[in-house]
Amino acid sequence: MLVARGLRRVAVSSLVRWDMSVVAARHAASSLAVPGADARFHDYDAAITACVERQALGEGRQVHAHMVKARYRPPVYLATRLIILYVRCGALDDARNVLDGMPERNVVSWTAMISGYSQSGRHAEALELFIRMLRAGCKANEFTLATVLTSCPVHQSIQQVEQVHSLVVKTNFESHMFVGSSLLDMYGKSGNIQEARKVFDMLPERDTVSCTAIISGYAQLGLDDEALDLFRQLYSSGMQCNYVTFTTLLTSLSGLASLNYGKQVHGLILRKELPFFIVLQNSLIDMYSKCGKLLYSRRVFDNMPQRSAISWNAMLMGYGRHGIGQEVVQLFRTMTEEVKPDSVTLLAVLSGCSHGGLVDEGLDIFDLIVKEQNAVIHIGHYGCVIDLLGRSGQLQKALDLIEHMPFEPTPAIWGSLLGACRVHINVSVGEVVAQKLLDMEPGNAGNYVILSNIYAAAGMWKDVFRVRKLMLENTVTKEPAKSWIILDKVIHTFHSSERFHPRKKDINAKIKEVYVDVKAAGFVPDLSCVLHDVDDEQKERMLLGHSEKLAITFGLMNTPPGLTIQVMKNLRICVDCHNFAKFVSKVYGREISLRDKNRFHLLKDGACTCGDYW
DNA sequence: TTAGGGTTAG
């Protein structure tokens, strides 16, 4: 009776076009005759196949329950099909129960389960299961390896990565298209781009996925020049592109701020008449905003028939990056009517309010979110609130918040407060904060520079000297600064005190000329930005060698009057260079758009859109 | 029956 009721429910649902009463009849028959067992197998198989096709989890569970109730012990094949069904429907725990209950398993059952964990980001469990599989004496095939490699980058040490690689070599799958792509992607994601490239170069054949994976390897490491070069090379040798390829490429073009290429790729996408993909549109929004063309971003955004939270976030970040706080707040309000904001949204809104100077609005939104608990609050959000408080000069309040927030403060948190102390020239809080930072990361030169800036601004020259000595005692290395400018599709990159540029002499001559002009207009170099123990004259020379000054000068030399000079920098812009750019904009009547690590600075008539807070 | 590359933020 119970079985019959269950059967009717299945039949009525009509999702599964299969009448369970047939099974019931055969079930009854099977207790009398042996051939019935085969019939039941085929019926269950057909039912599960129907459920897999439709991803009908409820019906699938009923079929499973029916097996249990009928005391039918599914053979390996059928149990594996059940695992696949549950995995496809995202019911991983059900799938795992089936796997654990199997008296025997084959490579497909293991692989299906590993793939389930892998695809839902449960990489540790995927790897654990892979190891269990090997220990159980089951040999991995190309499917298993292609799957398990996608779970490696995040959770494996270099040694383990090499172990997996040698397993791939041993099983002779290194040049298998799928396994090879996964392998090179794994190396790319673990930061070993040389090894990734080796695997790519050894592939006997290449397809869209393997090409995209290697380009993405460069892109993810911020090697945008290399990513673009490789794309051009592969594209001209006939590589086929799909939407993932373009999405990846756009990431690199965003990094380079290469509007020209960005537009070309956009054109290519339109010509290809690809179907609508949200991710691709999201990348376009981001690319245009990072290339300084917010209006283009907005046009893409407005034309989207469907948007994800990421689309909104990319747009919000865009406005924030350009310091347009009002738009951030307004767009956020519209967003909440359409999509549920996530934790990145909150980050975008808070940092947008901070960059746009909307202190009270930002703090209000934070309070609202904390109260309603719409999104998961993490330490990054606190970082933004500390920025907001710092910007408005409420340094003590910011310090109190750090001490009472439910997270351990990171260097980034203290760094944000130290920056605020520099702008508001607050020595007492600055010293407390700097001490914490110097304890946490004694090797970071940036902290010494800002502390020195604070002392210099307060006229405490003895302390400037002390900081300098302190820094000399610690060996300090940092990411080398570089700035670049794109003229006629050519990227001109400058490093500090550039020694290798072919037009070095011209640039040096021009920068000296510019220096005389801006000094005559009142520019005073900020020597506290140099912490080397050298005389003042040498310090001035070192400041003039900063990469962003070289790039701006190169722009002045090579662009006609009236055109905005667009310069990009990989780190935050330094105080002295920011001031220098302001004077250049005034003295030469030129707009300068400067994109640093955090935001855009639009310098015009001696003022900057960042309001001197960044 | 099982498989590879992708978007915002840090």
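As a basis for the values below, the full set of heavy atoms in this structure was taken, side chains included, without hydrogen atoms, waters or symmetry mates. Naming convention: chains lettered A, B, ... in sequence-line order (proteins, then strands); numbering from 1 in each chain.
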- Quick one: which of dT1(B), dG6(B), dT2(B) gets closest to the side chain of Arg88(A)? dT2(B)
- Query: Can you tell me how far C1' of dT7(B) sits from CD of Gln220(A), to the nearest Å?
  - Reply: 12 Å
- Query: To the side chain of Ser210(A), which of dT2(B), dG4(B), dG6(B) is closest?
  - Reply: dG4(B)
- Message: Students often get this wrong, so: under 4.0 angstrom with heavy atoms, is Met113(A) touching a base, only sugar-phosphate, or nothing?
- Response: nothing
- Query: Side chain of Thr111(A): nearest nucleotide among dT2(B), dT8(B), dG6(B)?
  - Reply: dT2(B)
- Would you mind reading off the distance between Lys189(A) atom NZ and dG6(B) atom P, rounded to a whole angstrom? 4 Å
- Any side-chain N or O of Ser216(A) less than 4.0 Å from the OP1 or OP2 oxygen of dG5(B)? no
- Message: For a quick check of understanding: with a heavy-atom distance under 4.0 Å over all strands, which category does Tyr77(A) fall into, base, sugar-phosphate or nothing?
- Response: base
- Just checking Tyr243(A): base, sugar-phosphate only, or nothing, at a heavy-atom cut-off of under 4.0 Å? base
- Between the base of dG4(B) and the side chain of Ser181(A), is there a donor-acceptor distance below 3.5 Å? yes
- Query: What about His355(A) and Tyr613(A), are their ring centers closer than 6.0 Å?
  - Reply: no
- Query: With a non-hydrogen cut-off below 4.0 angstrom, is Thr245(A) in contact with a base, only sugar-phosphate, or nothing?
  - Reply: base
- Just call it for His378(A): base, sugar-phosphate, or nothing, with non-hydrogen atoms closer than 4.0 Å on any strand. nothing
- Regarding Ser151(A) and Ser118(A), is there a side-chain donor-to-acceptor distance under 3.5 Å anywhere? yes
- If you check the Thr208(A) side chain, which of dT2(B), dA3(B), dG5(B) turns out closest? dG5(B)
- Message: Using a distance-only criterion (donor-acceptor N/O pair, under 3.5 Å, no hydrogens), is the base of dG4(B) paired with the side chain of Asp207(A)?
- Response: yes
- Task: Looking only at side-chain atoms of Ala314(A), point me to the closest of dG5(B), dT1(B), dT8(B).
- Result: dT8(B)
- Return the nearest nucleotide to the side chain of Asp286(A); candidates are dT2(B), dA9(B), dG6(B). dA9(B)
- Message: Under 4.0 Å, counting only non-hydrogen atoms across every strand here, what does Thr212(A) touch: a base, just sugar-phosphate, or nothing?
- Response: base
- Task: Looking only at side-chain atoms of Ser115(A), point me to the closest of dA3(B), dG5(B), dT7(B).
- Result: dA3(B)
- Item | Heavy atoms from other residues, nucleotides or ligands near NZ of Lys597(A) exceed 12 (cutoff 6.0 Å) | no
- Note on the structure: Phe231(A) CZ to dG6(B) P, in whole Å, measures 16 Å
- Task: Check every strand shown and say whether Arg321(A) touches a base, only sugar-phosphate, or nothing at a heavy-atom separation below 4.0 Å.
- Result: sugar-phosphate
- Task: Assess Arg307(A) against Trp312(A): is NZ or CZ under 6.0 Å from the centre of the six-membered ring, and within 45 degrees of the ring's axis?
- Result: yes
- Note on the structure: Which of dT2(B), dG5(B), dA3(B) is nearest the side chain of Asp185(A)? It is dG5(B)
- Between atom CG in Leu221(A) and atom P in dG6(B), what is the gap in whole Å? 12 Å
- Message: Distance check needed: dT7(B) P versus Phe246(A) CZ, whole Å only.
- Response: 16 Å
- With a 4.0 Å cut-off on heavy atoms, is Thr248(A) in touch with a base, just the backbone sugar-phosphate, or nothing at all? sugar-phosphate
- Message: Pair Lys482(A), Leu571(A) - check side-chain contact (heavy atoms from CB on, under 4.5 Å), show working.
- Response: CA-CA 8 Å; Lys482(A) 65 171 182 185; Leu571(A) 307 172; over 6 Å; no
- Ignoring hydrogens and angles, does a donor from either the side chain of Ser182(A) or the base of dG4(B) sit under 3.5 Å from an acceptor on the other? no
- Query: What integer distance in Å separates Leu183(A):CG from dA3(B):P?
  - Reply: 19 Å
- Message: Nearest to the Ile310(A) side chain among dG5(B), dA3(B), dT7(B), which nucleotide is it?
- Response: dT7(B)
- Query: Closest to the Leu347(A) side chain: dG4(B), dT8(B), dA9(B)?
  - Reply: dA9(B)
- Could you tell me whether Phe366(A) and Tyr382(A) have their ring centroids closer than 6.0 angstrom? yes
- Message: From NZ of Lys290(A) over to P of dT7(B), roughly how many Å is that when rounded to an integer?
- Response: 10 Å
- Mark yes when over 12 heavy atoms from residues, nucleotides or ligands other than Glu338(A) sit less than 6.0 Å from its CD; otherwise mark no. yes
- Query: Once you round it to whole Å, what is the distance between C1' of dT2(B) and CZ of Phe143(A)?
  - Reply: 6 Å
